[in-house]
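For the numbers below, each heavy atom of this structure counts, side chains included, while hydrogens, waters and symmetry mates do not. One-based numbering, in listed order, for ligands and for the atoms of each.
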Amino acid sequence: MREGVKMEPASDSNLAVPLKGTERDLQLLLFPFPAEPKKVEETKQVIPPLWRKVSEREWDDWRWQLRHRITTYEQLKEILELTPEEIEGIKHSKGRLALAVTPYFASLMDPNNPNCPIRRQAIPRVEEIHLSKNEMVDPLGEDKHSPVPGLVHRYPDRVLLLVTDQCAVYCRYCTRRRLVGSNERSITQGNFEEVLKYLRSHRKVRDVLLSGGDPLLLENERLEEMLSRLRVLPHIELLRIGTRVPVTLPQRITGGLVRMLKKFHPLMISIHFTHPKEITEAVKRACVELVDGGIPLGSQTVLLKGINDKPSIMKKLVQELLKIRVRPYYIYQCDLAMGTEHFRTSVATGIQIIEKLRGYTTGYAVPTYVVDAPGGGGKIPLQPDYVVSRGKGKIVLKNYEGKIFEYPEPNIIEFKKARSTGEEKVVPKKVMA
Ligand code: SF4
């Protein structure tokens with residue numbers, strides 16, 4: 001083992017890449033690592049006066065929650081102390097991305113703090129009006145990979161079905177803002193037969209991901225019909241659902257829903273979590289119910305400036321997720337959706353977060369950080385560079401603490417040479433009785 005600090009400078013001043021001796025001291029002096037907040041904002045649920053008279057039965061009813069979603073400025077100002085930036089954002093959200101917040105999700109918002117992470121995700125702000133030149137209507141190029149309306153076929157063995165355009169809460173950074181919430185209609189209602197026909201003739205597809213919008217907003221009967229018609233296709237090995245409902249409307253996860261989903265194993269669910277403040281008792285119950293139904297749960301998290309772009313916040317999130325039996329799966333770099341530049345961090349920030357997780361917490365808690373390539377190139381994984389150099393017969397690596405190690409590569413050439421000259425020591429095979 002050899003210790004030393006010989007690393008190349010990082011392209012981003014936030015990135016924790018050691019430099020040589022005095023250069024590193026100078027870097028730290030010029031660009032000190034951003035101070036970590038002392039405490040990650042804790043979960044706090046306070047039911048606003050507007051709903052204090054609502055019975056527990058109604059509050060726990062997902063249909064009541066959906067019927068009473070906040071969708072207007074007048075309703076919002078009853079529960080939050082709105083800032084001029086928010087008022088302006090709400091005014092301009094019409095005709096852009098719909099505004100909708102379940103009473104449950106609203107009860108997690110800090111009414112007096114506009115920087116509350118729950119509030120920032122769901123309440124429009126004036127920054128949404130600003131469109132950057134790099135932004136796109138369809139950042140992942142899904143429309144051009146859509147042979148049938150509502151079906152995206154980008155990877156060889158799996159497809160994405162956009163089964164609805166409804167969500168319980170509309171996230172202000174949504175990649176599919178071109179589709180979601182527009183008419184509250186189901187995208188594949190009329191063309192599911194066409195989707196099935198396409199799948200029957202594409203037998204290499206072995207994995208179907210139901211997304212949207214949020215598939216768990218469909219009634220059980222409709223979802224069951226879709227899943228059962230997909231399940232009978234012999235080449236479909238795996239069904240997956242992408243959802244944010246367990247976070248924004250945990251009341252939807254009922255015994256009846258889980259019993260129905262259990263019929264379609266192997267079935268996996270990816271849940272969109274953003275901040276540790278989202279992990280409430282109701283969310284824990286929902287996740288435990290799903291896992292007890294034999295459904296493996298993974299999380300997907302969008303990296304968002306001012307919301308979860310600190311290693312301490314991500315660490316708390318991934319550790320809390322493991323406690324409720326959700327495996328942190330992906331951290332996504334925020335896509336180039338229209339009006340979302342204020343949410344985007346540098347890529348270096350994402351790499352630094354992984355650097356602060358790997359080695360510092362359980363391996364199961366470390367997600368893969370990916371950039372979904374603009375225009376439709378698929379997910380590209382990124383991680384800190386742990387390879388210092390590659391030499392003849394060895395590779396020099398850096399561990400999570402920055403310590404340097406050499407790993408000798410297997411010497412195939414010498415082995416072959418020894419064999420051809422008869423120098424190889426032959427170990428007699430054991431004769432098994
Ligand atoms: S839940 Fe997903 S699809 Fe719906 S608004 Fe949020 S990011 Fe978009």
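- Among R177, Q121, R69, R244, the single residue meeting the side-chain contact (heavy atoms from CB on, under 4.5 Å) criterion with Y170 is R69.
- Near H272, with a cut-off below 4.0 Å to any heavy atom, the atoms of ligand 1 are 7 (S).
- Around atom 8 (Fe) of ligand 1, the protein contributes the following N, O or S atoms under 2.8 Å, ordered by chain and number: C174 SG.
- In this structure, L303 and C334 have side chains that are not in contact, with every pair of non-hydrogen atoms separated by 4.5 Å or more.
- The aromatic rings of H202 and Y198 lie parallel to each other, with less than 30° between the two planes, well short of the 60° mark.
- A salt bridge (Lys or Arg N to Asp or Glu O under 4.0 Å) with E41 holds for exactly one of R119, K277, K316; it is K277.
- For R259, there are no side chain to side chain contact (heavy atoms under 4.5 Å, CB included) partners, not counting sequence neighbours.
- The nearest pair of heavy atoms linking K305 to D309 is CA-OD2, 3.5 Å.
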